[in-house]
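Before any comments, here is the structure.
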2 protein chains.
Amino acid sequence: MAQSKTDPRVIRTRKSIMDSFITLSETKEFKDITVKDITAEAAINRATFYYHFEDIYDLLEKALSEVLLVNLDSAVYENRRLDEETFTGIFEAVTNFQKAISHRCHSGYEETIARIIREQLEVIFFKLLSKQHPAEKAQTLSLTAVMLSWGIYGASVEWKRNAQLPPEEFIKAALPYIRHGLD
Amino acid sequence: MAQSKTDPRVIRTRKSIMDSFITLSETKEFKDITVKDITAEAAINRATFYYHFEDIYDLLEKALSEVLLVNLDSAVYENRRLDEETFTGIFEAVTNFQKAISHRCHSGYEETIARIIREQLEVIFFKLLSKQHPAEKAQTLSLTAVMLSWGIYGASVEWKRNAQLPPEEFIKAALPYIRHGLD
DNA sequence: GCCGATGTGTTGCTTATGCAACACATCTCG
DNA sequence: CGAGATGTGTTGCATAAGCAACACATCGGC
């Protein structure tokens with residue numbers, strides 16, 4: 001509730017730029033997408049791009065964060081509790097995201113994407129934990145969220161390496177331990 | 001080739017307003033759509049609406065003209081000649097248009113819509129005639145276009161009244177006479 | 001009657017976006 | 001090597017779009 005509503009032009013323009021970037025990324029790899037490509041696709045001025053984003057790496061982060069955030073939010077949706085179902089949904093969202101972008105970033109972006117995923121996971125875990133344990137110290141919740149995000153991300157990497165099971169089966173093995181720890 | 005490119009913001013905003021109007025008209029009748037509805041749907045400011053359109057009737061005309069124009073253009077597409085196929089396509093576009101908006105304007109707009117249709121028909125006929133008879137005087141071509149547009153519109157009214165045949169069959173009866181006159 | 005609620009246009013000022021030009025960096029080709 | 005072509009970021013100024021407020025009209029209910 002901090003900022004008193006943002007200008008609709010800003011919302012439109014940012015969305016247009018991000019959408020164009022996602023659209024282009026279905027054709028080209030990230031490294032082959034230029035700022036000119038994006039502004040041409042979005043039919044906005046190049047100066048306007050730099051009004052909203054530092055550079056194309058900034059856009060990459062914000063666009064991917066946004067996509068992941070939407071997936072995570074819809075995975076959590078009504079389940080405010082951090083239960084097994086929510087965990088499974090979150091893990092599926094992460095693996096879907098990884099699959100979706102695996103074709104588009106053949107080199108050099110792995111660590112960036114890893115960080116994006118962990119950051120978004122941390123945010124959502126912190127929110128869920130705060131609801132579930134309102135009395136707990138913020139520092140404790142924050143640290144727990146950090147550890148969970150690293151853990152889930154690590155599990156998704158492991159899943160990618162030898163994916164015999166579907167994600168929801170794969171993560172099932174870990175759930176009792178996570179829950180036990182949480183409870 | 002007169003104006004040296006229009007501002008992309010203008011194109012976006014006009015399109016957004018017209019699209020919103022068309023979208024709303026799928027739910028409500030024309031007479032129940034307010035300027036506020038449109039600007040809310042389009043997420044633009046009301047003052048911006050009045051920057052582009054006189055009032056809601058102005059929008060009605062421009063939006064419907066645009067829709068019809070697109071249909072007509074795609075009906076004509078590559079056939080630059082005003083032959084039987086083109087005529088049939090144009091007639092179909094008109095009847096489709098009439099069908100599409102017949103649910104949305106229960107009262108009071110019939111004459112407006114009739115004029116829109118005739119105006120657009122006149123424009124497209126004049127263009128086609130000019131290509132086909134470049135040597136002819138503009139006044140002659142213009143008058144021919146006027147008469148054709150009234151004629152085709154009248155045929156569409158007649159078709160609506162007792163529509164036993166599909167449009168392309170219905171218009172077939174008139175084609176020889178039109179062609180004979182044109183040739 | 002008159003009141004509040006809702007819609008229409010308009011206005012002055014602020015802010016976001018467009019545009020053209022610039023300096024700089026790569027890169028490629030001869 | 002040098003010259004052209006392409007991409008990046010930045011700047012100053014022009015214009016479209018946002019916002020809040022206003023006056024006015026219409027309508028339905030008390």
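Here is how names work: the chains are called A, B, and so on, in the same order as the sequence lines, proteins then strands, and each is numbered from 1. Basis for what follows: all heavy atoms, side chains included, without hydrogens, waters or symmetry-related copies.
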Do B:D7 and B:R9 meet the salt-bridge criterion of a basic N to acidic O distance under 4.0 Å?
-> yes
When you measure from every atom of DNA chain C, which of residues 47-61 of chain B have a heavy atom less than 4.0 Å away?
-> B:A47, B:Y50, B:D55
Between A:R46 and D:dG7, does any side-chain N or O lie under 4.0 Å from OP1 or OP2?
-> no
Would you check if B:K127 and B:V76 make a side-chain contact, meaning some heavy-atom pair closer than 4.5 Å?
-> no
B:N45 atom CG is separated from C:dG12 atom C1', nearest whole Å, by 13 Å
Shortest non-hydrogen contact from B:W159 toward B:L165 = NE1-O, 3.0 Å
From CG of A:D32 across to P of D:dG7 the rounded distance in Å is 12 Å
For A:R12 and C:dG18, give me the distance from atom CZ to atom P, rounded to whole Å.
-> 11 Å
Can you check the A:K5 NZ to D:dG18 C1' distance for me, whole Å?
-> 11 Å
Determine whether more than 12 heavy atoms belonging to other residues, nucleotides or ligands lie under 6.0 Å from atom NZ of B:K36.
-> no
With heavy atoms under 4.0 Å as the rule, sort A:A42 into base, sugar-phosphate or nothing.
-> nothing
Checking all strands, does B:R14 fall into the base, sugar-phosphate, or nothing category for heavy-atom contacts under 4.0 angstrom?
-> nothing
Pair of N/O donor and acceptor under 3.5 Å linking D:dA17 base with B:R9 side chain = no
Between B:F87 and B:F125, does a ring-ring contact (aromatic ring centres under 6.0 Å, His included) hold up when you go through it step by step?
-> CA-CA 10 Å; B:F87 252 108; B:F125 280 134; 5.6 Å; yes
Can A:R104 be said to sit on top of A:F30's aromatic six-ring, NZ or CZ under 6.0 Å from centre and within 45° of the ring axis?
-> no
What is the distance, rounded to the nearest whole Å, between atom NZ of A:K36 and atom C1' of D:dT8?
-> 11 Å
Rounding to a whole Å, what distance do you find between A:I11:CD1 and D:dG18:C1'?
-> 12 Å
Rounded distance in Å - CD1 (B:I17) to C1' (D:dG18) = 13 Å
What's the CG-C1' distance between A:D7 and C:dA16, to the nearest Å?
-> 6 Å
Under 3.5 Å, is there a donor-acceptor pair between the side chain of B:S142 and the main chain of B:Q139?
-> no
